[in-house]
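As the structure is a prediction and not an experimental result, all values here were calculated from the model. The chains referred to below are lettered A, B, ... by the order of the sequence lines, with proteins before strands, and numbering in each begins at 1.
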Protein chains: 2
Amino acid sequence: MFEVLAEPNRRAILSLLVSSQRSVGEIERQLRMPQPTVSKHLRVLREAGFVESTVDAQRRLYRLKPEPLQEVDAWLAPFRRFWSAHVDALERHLDRMDQSTPTKRKTRRRT
Amino acid sequence: MFEVLAEPNRRAILSLLVSSQRSVGEIERQLRMPQPTVSKHLRVLREAGFVESTVDAQRRLYRLKPEPLQEVDAWLAPFRRFWSAHVDALERHLDRMDQSTPTKRKTRRRT
DNA sequence: TCCTTATATACTCCATGGCGCATATACGTG
DNA sequence: CACGTATATGCGCCATGGAGTATATAAGGA
């Protein structure tokens, strides 16, 4: 999942599709990348469930599927808790930097 | 950034650090990976700003830094809008699947 | 049917990156 | 200062994956 997103062109395709579905040719033109490249990346995205396609004459219309990105979002959840919990920690940190009153630290942090 | 996250061991390290900081040895033991591997991944994570370390005798204590993951979170934002907007779209889709009344589609989709 | 458009696939080349192993560096301790 | 512990780095090997080029497949139109 993250490997799929690691490729810049693929992220570009996803970002392009977020507004509306597109044909391969449209993606090719808007992102200025060769057609085989687009098709290959679409294949990867499709097999990973990031996009799906429907046939429209000779065109294929590709559109986003939410699930994989939702999983990424879910993976991020614990870290979101982490960084919101550390808004306070920053304050505590700044407090700790106040070495001018070096009283014995009582809230000692466990390792 | 996504390339850094593409590596499973690195994600494991991050997930481990979310609860508290750890030394290299602790990570090594808890994730059952050889020490050079841990150090190398930590290097990548450090250079990408995902973690930072402080010296504690011969140990290095590594802890999370929120910024890069917050960027990932930010990248995800437009897609979040997309999938919440498509709760309705799902209903419309199911509606469209009702092929039992195949009248000429009037809401023809623009490309 | 032939030609054009649209998309997918096959193949080769090359760069990148992870791993294992050995080794270097740094610090604390007897 | 010698030794053990903790961590970092260097090197060689190998697999993976992206780019480019050529070609295959499929559908529409004259």
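Rounded to a whole Å, the CE atom of B:Met33 is 18 Å from the C1' atom of C:dC21. Whole-Å rounding puts the B:Phe2 CZ to C:dG17 P distance at 17 Å. Whole-Å rounding puts the B:Glu28 CD to C:dC19 C1' distance at 15 Å. Going from atom CG of A:Asp56 over to atom P of C:dT5 covers 17 Å, rounded to whole Å. At whole-Å resolution of the value, CD in A:Glu26 and C1' in C:dT5 are 14 Å apart. Separating the CZ atom of B:Arg46 from the C1' atom of D:dA8 is a distance of 9 Å, rounded to the nearest angstrom. Residue B:Arg59 contributes atom CZ, which lies 12 Å from atom P of C:dG28 at whole-angstrom precision. In this structure, the CD atom of B:Gln21 is 12 Å from the P atom of D:dT7, given to the nearest Å.
For B:Arg60, no side-chain nitrogen or oxygen approaches OP1 or OP2 of D:dT7 to under 4.0 Å. Within the structure, a side-chain polar atom (N or O) of B:Arg43 is placed less than 4.0 Å from OP1 or OP2 of D:dT9.
Pairs passing the ring-ring contact (aromatic ring centres under 6.0 Å, His included) check and including a residue from residues 2-57 of chain A, sequence neighbours excluded, read A:Phe2-A:Trp75.
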Enumerate all atom pairs, one protein N or O and one N or O from nucleotides 17-24 of chain D, separated by less than 3.5 Å.
residue, atom, partner, partner atom, Å
D:dG18, OP1, A:Arg10, NH1, 3.4
D:dG18, OP1, A:Arg10, NH2, 2.8
D:dG18, OP2, A:Arg10, NH1, 3.4
D:dA19, OP1, A:Asn9, ND2, 2.8
D:dA19, OP2, A:His41, NE2, 3.1
D:dG20, O6, A:Lys40, NZ, 2.2

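The shortest distance between side-chain heavy atoms of A:Leu17 and A:Leu45 does not fall below 4.5 Å.
Side-chain proximity of B:Gln58 to the nucleotides C:dG28, D:dT7, C:dA8 is greatest for C:dG28. The side chain of A:Tyr62 lies closest to C:dA8, out of D:dT7, C:dA8, C:dA10.
Counting heavy-atom neighbours within 6.0 Å of A:Glu7 CD, excluding the residue itself, gives a total above 12. The local environment of CD in A:Gln35 is crowded, with over 12 non-hydrogen atoms from other residues, nucleotides or ligands closer than 6.0 Å.
Annotation: the span from A:Leu76 atom CG to B:Gln70 atom CD amounts to 9.5 Å, rounded to 0.5 Å.
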Discussion item. Show, in sequence, the C-alpha distance, side-chain angles and deciding distance for B:Ser23 and B:Asp56, and conclude whether the side chain to side chain contact (heavy atoms under 4.5 Å, CB included) test is met.
Written reply: CA-CA 9 Å; B:Ser23 71; B:Asp56 168 51; over 6 Å; no

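Side-chain atoms of B:Ser19 come within 3.5 Å of backbone atoms of B:Leu16 as a donor-acceptor pair (strictly under, hydrogens ignored).
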